[in-house]
Peer 1: 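Once you've had a glance at the structure underneath, I'll fire off some questions.
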Amino acid sequence: MRVSRLMLVTLRDDPAEAEITSHKLLLRAGYMRRLAPGIFAYLPLLWRVLQKVSAIVREEMAAVDALETLLPQLQPADLWRRSGRWDGYTAGEGIMFHLVDRQERSLGLGPTHEEVVTELASDLLRSYRQLPVCLYQIQTKFRDEIRPRFGLMRGREFIMKDAYSFHADEACLRRTYAAMDGAYRRIFERCGLRAVAVEADSGAIGGSASQEFMVTAEAGEDLILASPDGRYAANQERAVSLPAPPVPLEVSACQPLATPAQKSIEELCTAHGFDPTQTLKVLLLLARFAAAPPRGVLVCLRGDQQLNDVKLANAVTARCPDAGALLEIVPLLADHLCDPVPFGFLGPHLEDPALRQGEARVAAAPMLRLADPSAADLEAFVCGANRSDEHLVGARWGELCPRPEVVDLRAAQPGDRCLHDPSQRLEAARGIEVGHIFQLGRKYSEALEARFTNEAGGEEPLWMGCYGIGVSRLAQAAVEQHHDADGIRWPVAIAPYTVIVVIASSQDPVQVALAEELYERLRVGGCDVLLDDRPERAGVKFKDADLIGIPWRLVVGRAAGERKVELVDRSGDTGKRELAADAAVEQLLGLPGASP
RNA sequence: CGGGAUGUGGCGCAGCUUGGUAGCGCACUUCGUUCGGGACGAAGGGGCCGCAGGUUCGAAUCCUGUCAUCCCGACCA
């Protein structure tokens, strides 16, 4: 391709709309344009990158016997109601774009395809003899993100590879899951990305085991906690660790303590010399559901610990199976209550308060009472007395109130000791989630009655897995990981073009002739090559070549008369060197990806 | 939805405090000189100053409302 015909528009200044480097560079280098928040036009250069990523994905999917398909993006609400996800995905903070058609039928614009693919599987997969099967597609997904940001990192319309596998038993699911794990590692490696696999929360997709693939980068939205020995890595949403041991509380009996206006753990400890690990933190929350009245939640944590919202949401969802989708969990405020409670002085023995909805009292289920092990394991502790300006010192579970149900709710922090080896301490890194694989189990097949006949002749629900890669996000993550002060430095495997032939002086017919010849030879040889034939000064062309990040630059300049050219490695590894034109062509045609 | 910021030619910005009829850099067009790291000179085209209302002889500038975009939290590939 000739640069003069490429519709290349590069910008000198960083666009004001972009915050992080990769977003700025993709805009400046003419790879994309924003149409609306989270909605981008992929310009020809970016489309080539996305195609190259897709090609690698296709090869690796084929290697694990996955079948490419293309599934509908317009999806009937009814299907989503049957899986139980319509309300959660459309009401409240749901992310599904949805609409009503001329027949008054509700439709959603596919944010993911578990429902559609499961419906298809229930239709087509009748016998264990057909299993396992893995289907995948590379397609635009639609998600009405609460806050789109950072360009392709979190778009409302983005390209995703999603795969779904179906199995006769769990062992088979595990094998495919492991094969996908391997395929994913190869995909990211081939794309030139440094990625790490971490344990993850399954989120709205659900299922049991799940693992995320993170491209490590400062601009990443996720916090990764990992052990230095490399044996444990998890998203902070999911991470587990050992909290610091508590300082024992030396008291004989439970006694009240006057604590005027000491509402925070910090104030309490400062005033009376307690260590935060000796205190109990009681949080009052309100969970709202799609199909049930709101329910109060009382959470106990050790005073020095923080609540992990994701763990809490999972715990609440698991304990309210008939309430429909969990819409949100918010702090319980005085406005929600019929009678005041002494916020700041709460203890775990707080009686169920009556909830108010508008002006009406809600006949609420009893509060859900949960305690993190850090709180449940305390022998004796300091907690609120459920009376203003008063705490209890030396309270014990069993004496004060029954010990609540114990569930892991605390947020692991960098510096915490690891479970597998307490001498290791968790270290923090930021990551961009580019892939996520799940063992779904039978969640969708049970809901949508996707059953097969097993070897014994009985019917049972299919076992399922699903496996996603954010293709457009991956492209931007690559820029985030591979750039310098001059612009993008694409890994060769996903660069839009492998080589750019630059004519230093377009006025020199000798240079033009040689450049045209080399361009043609490279093109015919199967190399993805650009020819910068624009009547610009050399400096402009060099700057643009650096900015758009083509891995190899072949400069045809002063030495063209002796058929000598200059070859520059954008990655900076080998620098620039002068060599015979024929040798340069030979070398470039020998590069990976150069032949058709 | 809550908090913060910003809206001025295609892009990046100044002007607003103290109202007087819009400016700079980049980009674009033409001509000339230049020609290996974003050249220089000359000439030129392009702006309902986000939108609506108000104050005023007069509003980009002051007031009110509204919309949009970006950033921080809940969402996730």
Side-chain angles (χ1 to χ4, degrees), chain A residues 9-20 23-24 27-28 30 33-38 53 57 88-89 92-96 111-113 138-163 184 200-205 210 212-215 220-222 235 237 309-310 313 327-331 431-438 466-477 486-487 502-508 511 535-547 553 555-560 566 568 576 578:
Chain A
V9 178
T10 56
L11 306 174
R12 249 180 224 237
D13 301 307
D14 286 332
E17 74 184 59
E19 191 74 9
I20 63 173
H23 187 191
K24 288 177 183 170
L27 290 168
R28 272 190 63 204
R33 284 293 158 105
R34 188 188 66 91
L35 190 67
V53 173
V57 168
Y89 266 76
E93 301 196 326
I95 55 160
M96 182 152 61
T112 176
H113 278 72
I138 296 174
Q139 184 200 52
T140 297
K141 291 281 184 279
F142 298 90
R143 292 185 186 173
D144 193 1
E145 292 286 345
I146 298 160
R147 188 153 86 84
R149 58 184 145 171
F150 302 148
L152 304 181
M153 290 298 190
R154 181 172 299 282
R156 295 193 294 167
E157 185 185 308
F158 62 97
I159 300 175
M160 174 163 153
K161 187 283 305 186
D162 48 327
Y184 272 43
D201 179 72
S202 305
I205 307 291
S210 103
E212 289 170 337
F213 293 85
M214 296 281 191
V215 169
E221 294 184 85
D222 289 279
N235 193 312
E237 299 176 343
D309 297 336
V310 175
L327 300 178
E328 59 174 1
I329 298 179
V330 296
I432 301 164
E433 182 189 349
V434 291
H436 198 159
I437 60 178
F438 303 79
C466 82
Y467 319 89
I469 289 180
V471 172
S472 42
R473 179 185 281 182
L474 185 156
Q476 187 172 329
D486 294 319
V502 176
I503 308 174
S505 171
S506 303
Q507 276 84 55
D508 181 346
Q511 291 184 24
E536 297 286 348
R537 295 157 60 90
V540 173
K541 298 194 235 189
F542 294 153
K543 285 287 187 191
D544 274 344
D546 286 347
L547 182 60
R553 190 170 83 219
V555 184
V556 180
R558 297 190 197 96
E566 191 179 284
V568 185
K576 93 168 65 160
E578 193 177 69

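Below, chain A is the first sequence line, B the second, and so on; all start at residue 1.
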Peer 1: Taking the six-membered ring of F158(A), is the NZ or CZ of R473(A) close enough (under 6.0 Å from the centre) and on axis enough (within 45°)?
Peer 2: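 Ring-cation test returns no.
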Peer 1: Could you measure between the two P atoms, the one in C51(B) and the one in G41(B), and give it in whole Å?
Peer 2: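 One P to the other, the span is 35 Å.
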Peer 1: Would you indicate what I146(A) reaches in the nucleic acid, counting non-hydrogen atoms under 4.0 angstrom: base, sugar-phosphate, or nothing?
Peer 2: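 Base, at least one base heavy atom under 4.0 Å.
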Peer 1: Between A52(B) and G9(B), how far apart are the two P atoms, rounded to whole Å?
Peer 2: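 My reading of the P atoms in A52(B) and G9(B) gives 16 Å.
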Peer 1: Using purine N1 to pyrimidine N3 plus N6-O4 or O6-N4 for Watson-Crick, or N1-O2 and O6-N3 for G-U wobble, each under 3.5 Å, what pairs with U64(B)?
Peer 2: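 Result: A52(B).
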Peer 1: Using only modelled atom types and a 3.5 angstrom limit, is any donor from either the side chain of R154(A) or the base of C75(B) paired with an acceptor on the other?
Peer 2: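 A donor-acceptor contact between them is present.
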Peer 1: Less than 3.5 Å between a donor and an acceptor, one on the side chain of R149(A) and one on the base of C70(B), is that the case here?
Peer 2: no
Peer 1: Has F542(A) got its ring stacked on G36(B), by the test of a centre gap below 5.5 Å and a plane angle below 30°?
Peer 2: no
Peer 1: Partner lookup for A5(B), please. Criteria are Watson-Crick or G-U wobble with both distances under 3.5 angstrom; report none if nothing qualifies.
Peer 2: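 Partner of A5(B): U69(B).
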Peer 1: Base, sugar-phosphate or nothing for S472(A)? Non-hydrogen atoms, less than 4.0 Å.
Peer 2: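 Nothing: the residue S472(A), judged by heavy atoms under 4.0 Å, touches no strand.
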Peer 1: Using only heavy-atom distances, decide whether a donor-acceptor pair under 3.5 angstrom links the side-chain of R28(A) to the base of G38(B).
Peer 2: yes
Peer 1: So, taking the atom named CD1 in I469(A) and the one named CD1 in I159(A), what distance separates them when rounded to the nearest 0.5 Å?
Peer 2: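 One finds 13.0 Å between CD1 of I469(A) and CD1 of I159(A).
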Peer 1: Could you measure between the two C1' atoms, the one in C62(B) and the one in A68(B), and give it in whole Å?
Peer 2: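 My reading of the C1' atoms in C62(B) and A68(B) gives 23 Å.
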Peer 1: Provide a list of protein-nucleic acid N or O atom pairs under 3.5 angstrom, restricted to nucleotides 5-12 of chain B.
Peer 2:
residue : atom : partner : partner atom : Å
G12(B)  : OP1  : A16(A)  : N            : 3.0

Peer 1: Round to a whole Å and report the spacing from CD1 of I469(A) to P of C76(B).
Peer 2: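 The answer, rounded to whole Å, is 19 Å.
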Peer 1: Without decimals, in angstroms, what is the distance between H436(A) NE2 and C75(B) P?
Peer 2: 14 Å
Peer 1: What does A74(B) pair with, Watson-Crick or G-U, if both distances are under 3.5 Å?
Peer 2: none
Peer 1: Which whole number of Å gives the distance between the P atom of C63(B) and that of A5(B)?
Peer 2: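 The answer is 15 Å between these two P atoms.
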Peer 1: Minimum heavy-atom separation for S210(A) and D201(A), please, with both atom names.
Peer 2: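 Closest pair (atom of S210(A), atom of D201(A), distance): OG-O, 3.6 Å.
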Peer 1: Scan D546(A) against the nucleic acid and name what it touches under 4.0 Å (heavy atoms): base, sugar-phosphate only, or nothing.
Peer 2: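 Contact class for D546(A): base.
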Peer 1: How is F150(A) classified with respect to the nucleic acid when contacts are heavy atoms under 4.0 Å: base, sugar-phosphate, or nothing?
Peer 2: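 If one applies the 4.0 Å heavy-atom cut-off, F150(A) turns out to touch the sugar-phosphate alone, with no base involved.
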Peer 1: By nearest nucleotide on RNA chain B, pick out whichever of N235(A) and V555(A) is the more 5' one.
Peer 2: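 Counting from the 5' end, the first nearest nucleotide belongs to V555(A).
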Peer 1: Of the nucleotides G38(B), C71(B), C76(B), which one has an atom closest to the side chain of D222(A)?
Peer 2: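 When the side chain of D222(A) is considered, C76(B) is the closest of G38(B), C71(B), C76(B).
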Peer 1: NZ/K543(A) to CZ/R12(A) distance, rounded to the nearest 0.5 angstrom?
Peer 2: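 Rounded to the nearest 0.5 Å, the NZ-CZ separation comes out at 9.5 Å.
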Peer 1: Testing the basics here: between E578(A) and A559(A), what is the closest heavy-atom pair and its distance to 0.1 Å?
Peer 2: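 Result for this residue pair: OE2-CB, 3.8 Å.
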Peer 1: Are side-chain N/O atoms of S506(A) and K541(A) paired as donor and acceptor at under 3.5 Å?
Peer 2: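 Per modelled atom types, S506(A) and K541(A) side chains form a pair under 3.5 Å.
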Peer 1: Reckon D544(A) touches a base, only the sugar-phosphate, or nothing at all at heavy-atom distances under 4.0 Å?
Peer 2: base
Peer 1: Applying the Watson-Crick and G-U wobble criteria at under 3.5 Å, what pairs with U34(B)? Answer none if nothing qualifies.
Peer 2: none
Peer 1: Report yes if a donor N or O on one partner sits less than 3.5 Å from an acceptor N or O on the other, where the partners are the side chain of R553(A) and the base of G37(B); otherwise report no.
Peer 2: yes
Peer 1: Using atom P of each nucleotide, how far apart are A22(B) and A60(B) to the nearest Å?
Peer 2: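 Straight-line distance between the two P atoms is 9 Å.
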Peer 1: Whether R143(A) and E157(A) form a salt bridge (side-chain N of Lys/Arg under 4.0 Å from carboxylate O of Asp/Glu) is what I want to check.
Peer 2: no
Peer 1: How far, in whole Å, is G15(B) from G2(B) if one measures between their P atoms?
Peer 2: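 Pairwise P distance, G2(B) against G15(B), rounds to 31 Å.
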Peer 1: Using Watson-Crick or G-U wobble geometry with both distances under 3.5 Å, which nucleotide pairs with C24(B)?
Peer 2: G12(B)
Peer 1: Polar atom pairs between nucleotides 33-35 of chain B and protein, under 3.5 Å, N or O only, would you list them?
Peer 2:
residue : atom : partner : partner atom : Å
U34(B)  : O2   : R537(A) : NH1          : 2.7
C35(B)  : N3   : Q507(A) : OE1          : 2.6
C35(B)  : N4   : Q507(A) : OE1          : 3.4

Peer 1: Just checking G435(A): base, sugar-phosphate only, or nothing, at a heavy-atom cut-off of under 4.0 Å?
Peer 2: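 Sugar-phosphate, no base atom in range.
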Peer 1: Name the pairing partner of U29(B), where a pair is Watson-Crick or G-U wobble with both distances under 3.5 Å, or state none.
Peer 2: A43(B)
Peer 1: Roughly how many Å apart are U29(B) and G10(B), using the C1' atom of each and rounding to a whole number?
Peer 2: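 About 15 Å, rounded to a whole number of Å.
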Peer 1: In this structure, how many angstroms lie between the P atom of A74(B) and the CG atom of D201(A), rounded?
Peer 2: 13 Å
Peer 1: For U18(B), give the paired nucleotide (Watson-Crick: N1-N3 plus N6-O4 or O6-N4; G-U: N1-O2 and O6-N3; both under 3.5 Å), or none.
Peer 2: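 Checking every strand shown, U18(B) finds no partner, since no pair has both distances under 3.5 Å.
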Peer 1: With a 4.0 Å cut-off on heavy atoms, is P111(A) in touch with a base, just the backbone sugar-phosphate, or nothing at all?
Peer 2: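 It contacts nothing in the nucleic acid.
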Peer 1: Write down the distance separating the C1' atoms in C26(B) and C70(B), rounded off to the nearest Å.
Peer 2: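 The same atom, C1', in both gives a distance of 22 Å.
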Peer 1: Taking OP1 and OP2 of A74(B), is either one under 4.0 Å from a side-chain nitrogen or oxygen of R147(A)?
Peer 2: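 R147(A) to A74(B) OP1/OP2: no side-chain N or O under 4.0 Å.
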Peer 1: Rounded to whole angstrom units, what separation is found between the CD atom of E212(A) and the P atom of C75(B)?
Peer 2: 12 Å
Peer 1: Closest-nucleotide mapping onto RNA chain B: is G155(A) or R34(A) further toward the 5' terminus? I mean the 5' end.
Peer 2: R34(A)
Peer 1: In whole Å, what is the span from the CD1 atom of I437(A) to the P atom of C76(B)?
Peer 2: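 So the two atoms are 18 Å apart, to the nearest Å.
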Peer 1: Between the base of G37(B) and the side chain of D486(A), is there any donor-acceptor pair under 3.5 Å?
Peer 2: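 Answer no: no donor N or O sits under 3.5 Å from an acceptor.
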Peer 1: Determine, stepwise, if the pair R553(A) / V555(A) fulfils side-chain contact (heavy atoms from CB on, under 4.5 Å).
Peer 2: CA-CA 6 Å; R553(A) 190 170 83 219; V555(A) 184; 3.6 Å; yes
